[in-house]
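Both backbone and side-chain heavy atoms feed into the values below; hydrogens, waters and symmetry mates do not.
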Amino acid sequence: MADRAVDLLAAGPYPTDPYDPAAPAWSLAEGLRDRGAAVRVLFPSGPDPPTAPARIDALPLDVVTRRPGAAIEPAEFARSAGRRIRPGGTLVLRDPAGLGPLAVPHRASGARIDAIVRSVQLADFDLERNGRRSANLLDRVDTWRDRRSVRRLERAALEEADRILCDAPALAAALSEEYSIAPERIGTTVPPVAPEPAPPTREEARTALALPTDVPVVAAVAASENTEASGIDRAREAFRRIRPLFPGVRLVVAGAEAPTEPGVHPAPGRDRRTLVTALAAADVAVFARRTPGFDPGLVLALQLGVAPVALATAHLPVEPNDAVRYVVGDDPGDLSSAVAELVADLAQRRALAAQGPPYAARYLPGNVAAALLAAPGS
C-alpha cells in the first residue's frame, strides 16, 4: 500500500472544529495516511496560510469564480482541481462529491475516482431556498436557472465517478430516485471522526475547566455557535430541573457561549480539544440539537466512553443500539428525566458508557480508510 497515491478534494482548509463541513475529508486523509497512502489534499484557498496534519500535503487552489457566492461555485473548484490531479495516481477522492466533473486530462492513465456523498446538493439547494420566495419574476427565473444548473452539475459529478459512497442509508435511495443511479454503483461508508490523540483524564479535564472533582457533571455539546440551533436552551432547562436533586451538579456548555447562571460553566471554543475536554470531565453528555444532522460530538463522546443522552436529531448513520440513550420528542421533562436517571445510577451509566468505544471504532479514520481501500478496484 506504500506506493498508493491519493488525491483528495476537500471543501476547505484543515479545520480545528470537528463539526466543520471539511472535517470528514481531512479526517479521511489522516486515515489514508496511517494506512500507508501518499495523500495530497486539494481545497479552495483562503485568507489564512494553510495548515495540515503531519505527512499530508496541502495544496490550496486559487479558484477563479465567475459568480462568487453562487450555488454552482463548487463546480469551478472541481474544474481547477481536475487540472492538478497527479499523473500516475491510483485514487482520486471527492469528499464531498460536489458539483461538476473533474475532467482530468490524463484520466486514461488509470486513476480511479470515488465520490463520497454526504448530502444531495439539489435537496440542499431546495431546502436553503424554502421560505425565500420572491414576487419578482426575475428572481424566480434566476432561481429556476440555478436549480437546473445544480442538478446538471451534480449529475455530471456522479456520472464521472467510478464509485459512489453514501454515508447515510437514505442517500442511496435519493440518488437513485433523482438521478437514476444504478444500485451497483453505490456503496456505503461512514463519516470519519478523528479522536483527540491524547485526551485528558477526568481529573485533568475538571482541573482545566475549574470544576470540582466530587460532583456530578453534565456536558452539553453545541453543533455550532448558534445556541438555538444547537438546542443549548433545551440542555439548560433539563439541567435546571435536575439541579435540586443533585447538590453541586454542574453543566458545561461546550462549543458555544452560555449565559451566566448558577452551576453553568461555558467552554465556548470550537476546537476538538475544547470539546473533548468538556466530554472527558462529564458523567453524562447531552446532544439536543434542533437542526438534524450527523453529530461528530456524539461520536467523540462514544470514543471517550461517556454516557450520552441525545434527541433523534443527532444522527448516526449506523444504529447505535444500546450505546446511546435516545429521548423521543423534545419535551424538556423527558430529557431531564433521562439525564437524572443516568446521573443517579452509576451502574446504569457505566453500562451505557461501556458500549461506546466498540461502536465508535467504526468511525476511526484508519478504519474508514481501510474499508474504502479494501473495496474491489481500489
If only atom types and distance count, is the side chain of [X] paired as donor or acceptor with the main-chain N or O of [Y] below 3.5 Å?
| X | Y | answer |
| --- | --- | --- |
| Arg290 | Glu228 | yes |
| Arg33 | Ala54 | yes |
| Glu160 | Leu102 | yes |
| Arg163 | Ala161 | no |
| Tyr359 | Val318 | yes |
| Arg55 | Ala38 | no |
| Asp7 | Arg86 | yes |
| Tyr14 | Trp26 | no |
| Arg206 | Pro212 | yes |
| Thr213 | Glu203 | no |

To the closest 0.5 Å, what do you measure between [atom1] ([X]) and [atom2] ([Y])?
| X | Y | atom1 | atom2 | value |
| --- | --- | --- | --- | --- |
| Arg250 | His265 | CZ | NE2 | 4.0 Å |
| Phe287 | Thr313 | CZ | OG1 | 11.5 Å |
| Leu171 | Ile164 | CG | CD1 | 11.0 Å |
| Asp124 | Ser119 | CG | OG | 3.5 Å |
| Leu91 | Asp114 | CG | CG | 5.0 Å |
| Glu261 | Arg236 | CD | CZ | 4.5 Å |

Non-hydrogen side-chain atoms of [X] and [Y] separated by less than 4.5 Å:
| X | Y | result |
| --- | --- | --- |
| Phe125 | Thr143 | yes |
| Leu352 | Asp322 | no |
| Tyr326 | Pro320 | yes |
| Pro308 | Arg325 | no |
| Val41 | Phe43 | yes |
| Pro191 | His315 | no |
| Glu73 | Phe77 | no |
| Glu225 | Pro268 | no |

Leu175 vs Val117, side chain to side chain contact (heavy atoms under 4.5 Å, CB included): CA-CA, chis, key distance, verdict:
CA-CA 9 Å; Leu175 292 181; Val117 176; 3.9 Å; yes
Check whether [X] and [Y] end up in the same hydrophobic cluster, where Ile, Leu, Val, Met, Phe, Trp and Tyr are linked by side-chain heavy atoms less than 4.5 Å apart.
| X | Y | result |
| --- | --- | --- |
| Val252 | Leu298 | no |
| Val217 | Val284 | no |
| Val368 | Leu364 | no |
| Leu8 | Val190 | yes |
| Val264 | Leu279 | no |

Closest approach of [X] to [Y] (non-hydrogen atoms, all atoms of both residues):
| X | Y | answer |
| --- | --- | --- |
| Ala223 | Asp295 | CB-OD2, 4.5 Å |
| Ala278 | Leu209 | CA-CD1, 3.9 Å |
| Pro199 | Leu304 | CB-CD2, 3.8 Å |
| Ala282 | Val306 | O-CG1, 4.0 Å |
| Pro317 | Ala168 | CB-CA, 4.4 Å |
| Ala22 | Gly12 | CB-N, 3.7 Å |

Using a strict 4.0 Å threshold on nitrogen-to-oxygen distance, state whether [X] and [Y] make a salt bridge.
| X | Y | value |
| --- | --- | --- |
| Arg112 | Asp162 | no |
| Glu341 | Arg349 | no |
| Arg147 | Asp126 | yes |
| Glu237 | Arg234 | no |
| Asp17 | Arg270 | yes |
| Glu178 | Arg155 | no |

side-chain contact (heavy atoms from CB on, under 4.5 Å), paired with Cys166, selected from Thr188, Thr189, Ile186
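Of the listed residues Thr188, Thr189, Ile186, the side-chain contact (heavy atoms from CB on, under 4.5 Å) partner of Cys166 is Ile186.
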Margin query: With a sphere of 6.0 Å drawn around CD of Glu177, does it hold more than 12 non-hydrogen atoms of other residues, nucleotides or ligands?
Written below: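 Result for CD/Glu177: open.
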### Task
Could you walk me through whether Ser337 and Asp334 pass side-chain hydrogen bond (donor to acceptor under 3.5 Å, both in side chains), step by step?
CA-CA 5 Å; Ser337 295; Asp334 294 338; 5.4 Å; no
**Report entry** Check against side chain to side chain contact (heavy atoms under 4.5 Å, CB included), Asp95 and Leu9
**Finding:** CA-CA 6 Å; Asp95 185 2; Leu9 277 64; over 6 Å; no
Problem set entry | Derivation and outcome, side chain to side chain contact (heavy atoms under 4.5 Å, CB included), residues Leu275 and Tyr19 | CA-CA 11 Å; Leu275 302 186; Tyr19 286 87; 4.0 Å; yes
task: Could you check Asp331 against Leu335 for side chain to side chain contact (heavy atoms under 4.5 Å, CB included), going step by step and ending with a plain yes or no?
output: CA-CA 7 Å; Asp331 183 86; Leu335 186 62; over 6 Å; no
